[in-house]
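Below is one structure, written out as structure tokens; the observations come after it.
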Amino acid sequence: MKTILDYETVALRDELDAIEIIDQTLLPGTIKTILLKTGEEIWNAIYLLQVRGAPAIGVTAGFGLYLLVKHSDAPTYEAFMEELRQKSDYLNSSRPTAVNLSWALKRMEAHVTAFCDNGSSFDREKVISAMREESEKIKAEDIEVCRKIGEYGLSLIKDGDGLLTHCNAGQLATCKYGTATAPMYLAHEKGYNIKVYCDETRPLLQGARLTAFELHSAGIDTTLLCDNMSASLMKSGAINAIFVGCDRVAANGDAANKIGTSVVATVAKRYGIPFYVCAPTSTIDINTPTGADINIEQRKPEEVTEMWYKERMAPEGVKVYNPAFDVTDNELITGIITEHGILSAPYDESIKKLFE
Ligand code: MRU
């Protein structure tokens with residue numbers, strides 16, 4: 001039977017001049033793919049979290065930038081670059097925290113610049129075709145990177161372990177395997193009897209709607225809990241390790257991830273449970289010195305007061321605090337799992353070394 005894991009999170013449908021995504025706002029009840037053709041459709045899909053998760057946003061941005069200049073009639077390199085930068089800035093404004101968005105857009109632009117030898121040669125058809133290849137490469141690399149993160153993460157898991165995760169850093173946030181879920185999928189493949197606990201992740205319920213859905217579809221022993229239940233679970237001894245994803249790791253190892261992650265990390269420290277952040281190098285931003293420099297997205301109050309409820313669940317006019325992410329201080333992180341290995345503290349040094 002076809003499950004959610006048999007669908008591609010993001011795919012280029014070049015023949016249709018479109019990106020095809022699973023509309024994640026409808027999951028788990030309805031599995032529906034939609035086509036994104038215009039800049040506005042791509043921007044909205046990212047902003048509304050129809051496609052979400054740092055790596056998947058990056059892949060969408062790469063395909064999006066290619067499609068938005070695919071039919072350009074710019075006569076010169078300069079005119080083409082101006083058009084490309086304008087589209088890139090527009091897409092980049094859809095969400096601020098996940099660095100993969102700007103990372104993918106910058107990578108696409110750098111590829112064009114290098115391909116045209118800094119403007120000394122310009123063949124529009126060929127540049128556009130090179131952009132298509134580069135965008136597909138970003139996607140293929142994402143799959144490879146997640147698999148490697150899974151292999152490194154697997155070395156930290158034992159048969160019989162109880163694992164906790166927050167939000168969705170799963171296949172639905174990437175192009176395959178996920179980051180935080182990759183070690184879980186590989187452990188399951190290996191026949192390990194693991195139990196995975198998913199925080200539901202208020203207010204947008206990515207843990208309940210997406211992570212629990214994909215892990216359960218894979219046949220993994222999956223248990224859902226409300227966010228405020230994880231401390232008692234950790235205290236009970238049921239959790240051996242925690243794996244989460246991230247949206248941006250600063251140069252000192254502070255890591256921004258879905259709101260509530262830092263609470264999990266703080267409680268994990270209290271009970272001596274290892275807390276791992278899974279981060280492709282595309283999510284590590286060496287130009288952001290510390291977590292305090294990360295731009296945290298603030299979202300609409302209705303996500304807290306009304307969404308998912310039959311009727312409004314808060315008094316009219318009450319103020320709402322709704323940041324989409326928080327920053328986990330580097331001292332709470334046991335290891336940062338990348339596709340090149342597991343980084344440990346002091347992170348300013350291990351991250352610097354990774355990029356050298
Ligand atoms: O707001 P979202 O759903 O895009 O937030 C997603 C997360 O916080 C993920 O943990 C993160 O992007 C890593 S995905 C591999």
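In listed order, ligands and their atoms are each counted from 1. What you see below is based on every heavy atom in this structure, not just the backbone, and it leaves out hydrogens, waters and symmetry mates. Just so it is clear, the model here is predicted, and its values are computed rather than measured.
Between F325 and I259, the closest side-chain pair of non-hydrogen atoms is not below 4.5 Å. With contacts defined as side-chain heavy-atom distances shorter than 4.5 Å, the pair P274/L156 does not qualify.
Checked by distance only, ligand 1 and T174 stay at 3.5 Å or farther apart across all their nitrogen or oxygen atoms.
Atoms of ligand 1 found under 4.0 Å from any heavy atom of T179 (numbered from 1 in listed order, with element): 15 (C). Remark: ligand 1 atoms within the under-4.0 Å shell around heavy atoms of Q206 are 1 (O), 2 (P), 3 (O). The ligand atoms of ligand 1 that sit less than 4.0 angstrom from a heavy atom of R95 are 1 (O), 2 (P), 4 (O). Taking every non-hydrogen atom of A54 and a distance limit under 4.0 Å, the qualifying atoms of ligand 1 come out as 12 (O), 14 (S). Heavy-atom contacts of P55 reach the following atoms of ligand 1: 14 (S), 15 (C) (cutoff under 4.0 Å).
Salt-bridge annotation for E136 and R132: absent, with no side-chain N of the basic residue lying under 4.0 Å from a carboxylate O of the acidic one. With respect to the salt-bridge test (charged N to carboxylate O, under 4.0 angstrom), the residues E41 and K37 do not qualify. A salt bridge is absent between K139 and D142; no separation between the charged side-chain nitrogens and carboxylate oxygens falls under 4.0 Å. The residues K137 and E133 are annotated as not salt-bridged, no charged nitrogen and carboxylate oxygen being separated by less than 4.0 angstrom.
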message = Go through it in stages, so that I can follow the logic: the residues are F243 and Y276, the test is ring-ring contact (aromatic ring centres under 6.0 Å, His included), and I'd like the CA-CA distance, side-chain angles, deciding distance and then a yes or no.
response = CA-CA 5 Å; F243 292 87; Y276 299 106; 5.4 Å; yes
task = Run the numbers on F80 and R124 for side chain to side chain contact (heavy atoms under 4.5 Å, CB included), then give the verdict.
result = CA-CA 8 Å; F80 184 78; R124 205 175 52 224; 4.3 Å; yes
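With respect to atom 11 (C) of ligand 1, the closest heavy atom belonging to the protein is D247 OD1, 3.2 Å. The single protein non-hydrogen atom nearest to atom 14 (S) of ligand 1 is A173 CB, 3.5 Å, given as residue, atom name and distance. The protein atom (non-hydrogen) at minimum distance from atom 6 (C) of ligand 1 is R52 NH2, 3.5 Å. Of the protein's non-hydrogen atoms, N257 OD1, 3.4 Å is the one closest to atom 9 (C) of ligand 1.
Tested against S262 for a side-chain hydrogen bond (donor to acceptor under 3.5 Å, both in side chains), the candidates T328, D326, N257 yield a single pass: D326.
In N168, the part holding a heavy atom less than 4.0 Å from any atom of ligand 1 is the backbone. Under 4.0 Å from ligand 1, not a single heavy atom of H166 appears. Residue C167 touches ligand 1 through its side chain alone, judged by heavy-atom distances below 4.0 Å. Residue contacts with ligand 1, taken as heavy atom pairs separated by less than 4.0 Å, involve C246 solely via the backbone atoms N, CA, C and O. Contacts between K258 and ligand 1 below 4.0 angstrom, taking non-hydrogen atoms only, involve backbone and side chain alike.
Between G178 and ligand 1 there is no heavy-atom distance shorter than 4.0 Å.
A cation-pi arrangement is present between K2 and Y7, with the terminal nitrogen or guanidinium carbon under 6.0 Å from the aromatic centre and inside a 45° cone about the axis.
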